[in-house]
Amino acid sequence: MIVAERKSIPELLDMLPNDSKILVLGCGTCVTVCLAGGEREVSIISSALRIASKARGLGYEVSELTIERQCDNVFIEQAIEAIEKVDVVLSLGCGAGVQAIAERFLKKPVYAGLNTKFLGILEERGVWTEKCSQCGSCVLHEYGGICPVTRCAKHLLNGPCGGSREDRCEVRPDRPCAWQLIYQRLKNIGQLERLEKIEPPKQWSASLSGGPRVIIREDHRI
Amino acid sequence: MKSADKETTIVAFCCIYCAYAAADLAGSMRLQYPSNVRIIRTPCTGRLEVEYYLRAFENGADGVLVAGCEEGSCHFKEGNLIAKRRVNYARKLLAESGLEADRLKMVNVSAAMARLFTEHVREMAETVQRLGPSPLNRAKTRVQQEIKP
């Protein structure tokens, strides 16, 4: 899922215009699961904005709404009425959600209330970790299901680097060395011979280096 | 009590298994404590969400006291520890929003500690008196004054 983190209240105050009607718009999908932009966070951030507005005399009029998915037009339609009533939208969706709302409402300023961080999983309660860099050409089958592009700090396809200490990454000692994990995993599934293969340089044109990506499925187009 | 106490309001969320019973005992023991505290009985402090604290301030509280069981003796094992983390997060949010974090405080008392409960309430009342009425209430007072001819 997409993992995001809330911006601080002072950052939001800098962003939002004084004396305006603001809709804090949550998203019920990824950012709900990562506790950044769901119904509860909408309620908390709206409350904090109202407190800040009263304490500093900013004149905000804050309303709240959470839709199932901000990146989907079908669900955005449920927010039309609420969005039309306000001056600005503070979206607590991921970067895609914010842009989907902005594209749909041409004359309405839409601001991002979250910093979208990465594609990851809930590792343990309150801890999310990055697992995928969306490089566009998946190599997970080569590495026992552990992504060296994302989880090795040096993105090495022919690792390890030799700098890890006691299974810990040299760059971030609080994280495990991805290559240690890859070795252990391949050993467990009896595929250690995969490590003898030299992986050629990666095709980065499939990632963002090749410009914004688009997928077109002719079989699904109308 | 002093007149300043009457101008401010402290909301105390009290766990039914400890602080609420302690407050009850304080009454039976005829212990005096500030009269501007409004006690709200809660099933466990772990039931309280961050927005409860923020809403209390939004609706006019000048201070919020969260009183749970002593650490290690929560009826639901770790409700008070959850509350402690949430209170810390809410304090951070309050500070970011322009309210003093000290207006929100968590304390731990057992059902038998009536005297300690009253001390915590008194300390909170002193903190609120030192900080003055919440800026949210000051704004409200100002608006009301402006409306009056």
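Note that the structure is a prediction, hence the values are computed from the model and not measured. Below, each value reflects all heavy atoms present in this structure, side chains not excepted, and no hydrogens, waters or symmetry copies.
A salt bridge links A/Glu123 to A/Arg175: at least one charged side-chain nitrogen sits closer than 4.0 Å to a carboxylate oxygen. A salt bridge between B/Glu58 and A/Lys54 is absent, with no side-chain N of the basic residue lying under 4.0 Å from a carboxylate O of the acidic one. A salt bridge does not link A/Glu130 to A/Lys117: none of the charged nitrogens lies less than 4.0 Å from a carboxylate oxygen.
With hydrogens and angles ignored, the 3.5 Å screen pairs a side-chain donor or acceptor of A/Thr150 with a backbone N or O of A/Ser133. Side-chain atoms of A/Ser46 do not come within 3.5 Å of backbone N or O of A/Ser43 as any donor-acceptor pair. Looking at A/Tyr143, its side chain does come within 3.5 Å of a backbone N or O of A/Leu157 through a donor-acceptor pair. The closest donor-acceptor contact from the side chain of B/Ser28 to the backbone of B/Asp24 lies under 3.5 Å. A distance-only check finds no donor-acceptor pair linking the side chain of B/Arg115 to the backbone of B/Ala112 [under 3.5 Å]. Of the possible donor and acceptor atoms, none in the side chain of A/Asp167 sits under 3.5 Å from a partner among the backbone N and O of A/Gln180. Remark: side-chain polar atoms of A/Lys202 are paired, donor with acceptor, to backbone N or O of A/Ser137 under 3.5 angstrom.
Around the CZ atom of A/Arg213, the shell of radius 6.0 Å holds more than 12 heavy atoms that belong to other residues, nucleotides or ligands. With a 6.0 Å radius and a threshold of 12 heavy atoms from other residues, nucleotides or ligands, A/Arg172 has its CZ atom at or below the threshold. Around the NZ atom of A/Lys108, the shell of radius 6.0 Å holds more than 12 heavy atoms that belong to other residues, nucleotides or ligands.
Identified by a heavy-atom distance below 4.5 Å to chain B, the contributing residues of residues 58-88 of chain A are A/Glu64, in residue-number order. Contact residues of residues 98-106 of chain B toward chain A are B/Gly98, B/Leu99 (heavy-atom distance under 4.5 Å). Residues of residues 1-33 of chain A lying under 4.5 angstrom from chain B, judged on non-hydrogen atoms, are A/Arg6, A/Ser8, A/Ile9, A/Pro10 by number. Within residues 44-55 of chain B, the residues having any heavy atom closer than 4.5 Å to a heavy atom of chain A are B/Glu49, B/Val50, B/Glu51, B/Leu54, B/Arg55, listed by residue number.
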Exercise. Yes or no on side-chain contact (heavy atoms from CB on, under 4.5 Å) for B/Val121 and B/Leu65, after CA distance, side-chain angles and deciding distance?
Worked result: CA-CA 8 Å; B/Val121 172; B/Leu65 188 68; 4.1 Å; yes

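Just one of B/Thr127, B/Asn137, B/Thr8 meets the side chain to side chain donor-acceptor pair (under 3.5 Å) condition when paired with B/Asp62; it is B/Asn137.
Relative to the ring axis of B/Tyr20, B/Arg41 places its NZ or CZ within 45° and under 6.0 Å from the centre.
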